[in-house]
Amino acid sequence: MPKPQRYTAILEEKQIYNEKYVHFHFELKEPHRIEFQAGQFVSLTVDEENTQRAYSILSDPDIMHGIEILLDVSPNGKGVNYFLNLDFGDEISFLGPMGRFVIKEDAGEQALALVGTGSGIAPLYGMLVDQLKNKNDERSITLYWGQRYEKEMIWEDDLSRLSENYPNFEFHPVLSRPGGKWPLCSGHVTDCLQVHDLLPNTGFYMCGSRNMINDAKSVLAKRGVEKKMIHNEKFY
C-alpha cells in the first residue's frame, strides 16, 4: 500500500456535467508522480480554519501524473465552495493516497459487485477501469449506481461502451425518482440487491450514503453474504 505524502498540483481542467456534478483534473507539480490503488482518497484543507475534507480519486491508477476528482456540488458546503472558487492554474495541496477501500485480490472473490449512490461512484469507477483495462479481470463485474433523477446521470456512453467491450461487465443505473419514460431499474440500489441473482463468492464494494451502506449490508446479510465479502470506505 503506498504511503501518504504531501503533493502540490495545478487545476488543469474543470468539466461541468450538470447541476449536480463537476469533474476536476489536477496535474501534479511536486512530486511529479503519484502511485495509488483504485479506491483510495486524498485529504485537502479547504479553509483557513484547517478544515479537512476527503475526496476519492477518480483517476485511472496507470495515469500517475495527476489526479481527478468528481464533486457533488449540491451540498454547498465548505469543500464545495473551495473547489468552485478555484481558477485554472490555481495550486492545491493534498495528502495522499489514503484508505484501504481497494479490491481484495487475495480474498478469493470470484465475482465483483460495485454498489454506489451519487458521487460514491468515483472510487468504484476507478476500480472498474483498473480491473477491466489494466488488470484484464475476467470475473463477472456488476455496477449498481443509484441517483434520484435521470438528469443527474453522467457517463452513460462511457459505461455502455465498457459493457459492449467487456462482456463480463454489466451496468445497472437505478433511479429513485424516475420520469415516466425511464425504462430501467427504479427504486434504490438495495432493491436490486434484494431481487437480482447473486453469484457465489461475490465481493461487494460499496460507496455512498451511510444509510445506503447500512441498508445494503442488512439486505446482503439476509441473503447469506458473509461480512468478509462486504467492503466500504470508512470515511463515508
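Side-chain atoms of Ser160 come within 3.5 Å of backbone N or O of Glu156 as a donor-acceptor pair. Between the side chain of Asp87 and the backbone N or O of Asp90 there is no donor-acceptor pair closer than 3.5 Å. Arg139 places a side-chain N or O within donor-acceptor distance of the main-chain N or O of Glu109, the cut-off being under 3.5 Å. Asn81 contributes a side-chain N or O that, together with a main-chain N or O of Gly77, makes up a donor-acceptor pair within less than 3.5 Å. For the pair Arg223 (side chain) and Leu193 (backbone), a donor-acceptor distance under 3.5 Å is present. Asn201 places no side-chain N or O within donor-acceptor distance of the main-chain N or O of Gln110, the cut-off being under 3.5 Å. A donor-acceptor pair is defined here as one N or O able to donate and one able to accept, closer than 3.5 Å; no such pair exists between the side chain of Asp191 and the backbone of Gly187. Looking at Trp145, its side chain does come within 3.5 Å of a backbone N or O of Gly118 through a donor-acceptor pair. Between the side chain of Asn134 and the main chain of Gln131, no donor-acceptor pair closer than 3.5 Å is present. Between the side chain of Gln40 and the backbone N or O of Gln37 there is at least one donor-acceptor pair closer than 3.5 Å.
Contact of the Thr51 side chain with the Tyr82 side chain is not registered, since no non-hydrogen atoms from C-beta on lie closer than 4.5 Å. In this structure, the side chains of Lys14 and Phe26 stay at 4.5 Å or more apart for every pair of heavy atoms. Using a 4.5 Å cut-off on side-chain heavy atoms (C-beta onward), Leu58 and Ile69 make no contact. Taking 4.5 Å as the limit, some side-chain heavy atom of Leu70 sits within range of a side-chain heavy atom of Ile121. Residues Pro75 and Asp72 have side chains in contact (heavy-atom distance under 4.5 Å, counting atoms from C-beta outward). In this structure, the side chains of Thr142 and Leu114 stay at 4.5 Å or more apart for every pair of heavy atoms. Under the 4.5 Å side-chain criterion, counting only non-hydrogen atoms from C-beta, Ser93 is not in contact with Leu44. Two residues are said to be in side-chain contact when any heavy atoms from C-beta on lie closer than 4.5 Å; Tyr205 and Val102 fail this criterion.
More than 12 heavy-atom neighbours from other residues, nucleotides or ligands sit within 6.0 angstrom of NZ on Lys104. Within a 6.0 Å radius of CD in Glu91, other residues, nucleotides and ligands contribute more than 12 heavy atoms. Heavy atoms from other residues, nucleotides or ligands lying under 6.0 Å from NE2 of His231 number more than 12. Within 6.0 Å of NZ on Lys151 lie no more than 12 heavy atoms contributed by other residues, nucleotides or ligands. Annotation: Arg6, atom CZ; neighbour count of heavy atoms from other residues, nucleotides and ligands within 6.0 Å is above 12.
Using bins of under 30°, 30° to 60° and over 60° for the plane-to-plane angle, the ring pair His196/His172 lands in the perpendicular bin.
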(request) Determine, step by step, whether Ile103 and Leu112 satisfy the side chain to side chain contact (heavy atoms under 4.5 Å, CB included) criterion, reporting the C-alpha distance in whole Å, the side-chain angles of both residues, the deciding distance to 0.1 Å, and the verdict. (result) CA-CA 9 Å; Ile103 299 294; Leu112 302 176; 4.1 Å; yes
(request) Begin with the C-alpha distance, continue with both residues' side-chain angles, and end with the deciding distance and a verdict on side chain to side chain contact (heavy atoms under 4.5 Å, CB included) for Tyr166 and Glu138. (result) CA-CA 9 Å; Tyr166 298 91; Glu138 296 182 351; over 6 Å; no
(request) Any chance you could lay out the side chain to side chain donor-acceptor pair (under 3.5 Å) test for Gln52 and Asn50, step after step, and finish with the verdict? (result) CA-CA 6 Å; Gln52 302 293 309; Asn50 202 35; 3.2 Å; yes
(request) Please step through side chain to side chain donor-acceptor pair (under 3.5 Å) for the pair Ser209 and Asn211, ending with a clear verdict. (result) CA-CA 5 Å; Ser209 69; Asn211 286 341; 5.6 Å; no
(message) Go through it in stages, so that I can follow the logic: the residues are Lys135 and Asp130, the test is salt bridge (Lys or Arg N to Asp or Glu O under 4.0 Å), and I'd like the CA-CA distance, side-chain angles, deciding distance and then a yes or no.
(response) CA-CA 6 Å; Lys135 296 179 178 176; Asp130 190 39; 3.2 Å; yes
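Here the CD1 atom belonging to Ile10 is positioned 9.0 Å from the CD atom belonging to Glu12, to the nearest 0.5 angstrom. A distance of 13.5 Å separates CD1 in Ile213 from OG in Ser218, rounded to the nearest 0.5 Å. Put simply, CD1 on Ile16 and NE2 on His23 are 13.0 Å apart, with the number rounded to the nearest 0.5 Å. Here the CE atom belonging to Met229 is positioned 15.0 Å from the NZ atom belonging to Lys227, to the nearest 0.5 angstrom. To the nearest 0.5 Å, atoms CE (Met206) and CG (Leu124) are separated by 10.0 Å. With rounding to the nearest 0.5 Å, the separation of CD1 in Ile141 from OG1 in Thr202 is 11.0 Å.
In terms of heavy-atom proximity, Gly96 sits nearest to Tyr7 at O-CE1, 3.3 Å. The shortest heavy-atom contact between Arg148 and Leu175 is O-CB, 3.8 Å. Nearest heavy-atom pair across Phe101 and Cys207 is CE2-CB, 4.2 Å. Smallest separation of non-hydrogen atoms from Pro4 and Pro97: CG-O, 3.4 Å. Among all heavy-atom pairs drawn from Pro61 and Gly126, the shortest one is CD-O, 4.5 Å.
Between Phe171 and Tyr144, the ring center distance fails the sub-6.0 Å criterion. For Tyr55 and Phe41, the ring centers are positioned 6.0 Å apart or more.
Contact check on Glu150 versus Arg177 returns no salt bridge, with no Lys/Arg side-chain nitrogen under 4.0 Å from an Asp/Glu carboxylate oxygen.
With sequence neighbours excluded, no residue forms a salt bridge (Lys or Arg N to Asp or Glu O under 4.0 Å) with Lys217.
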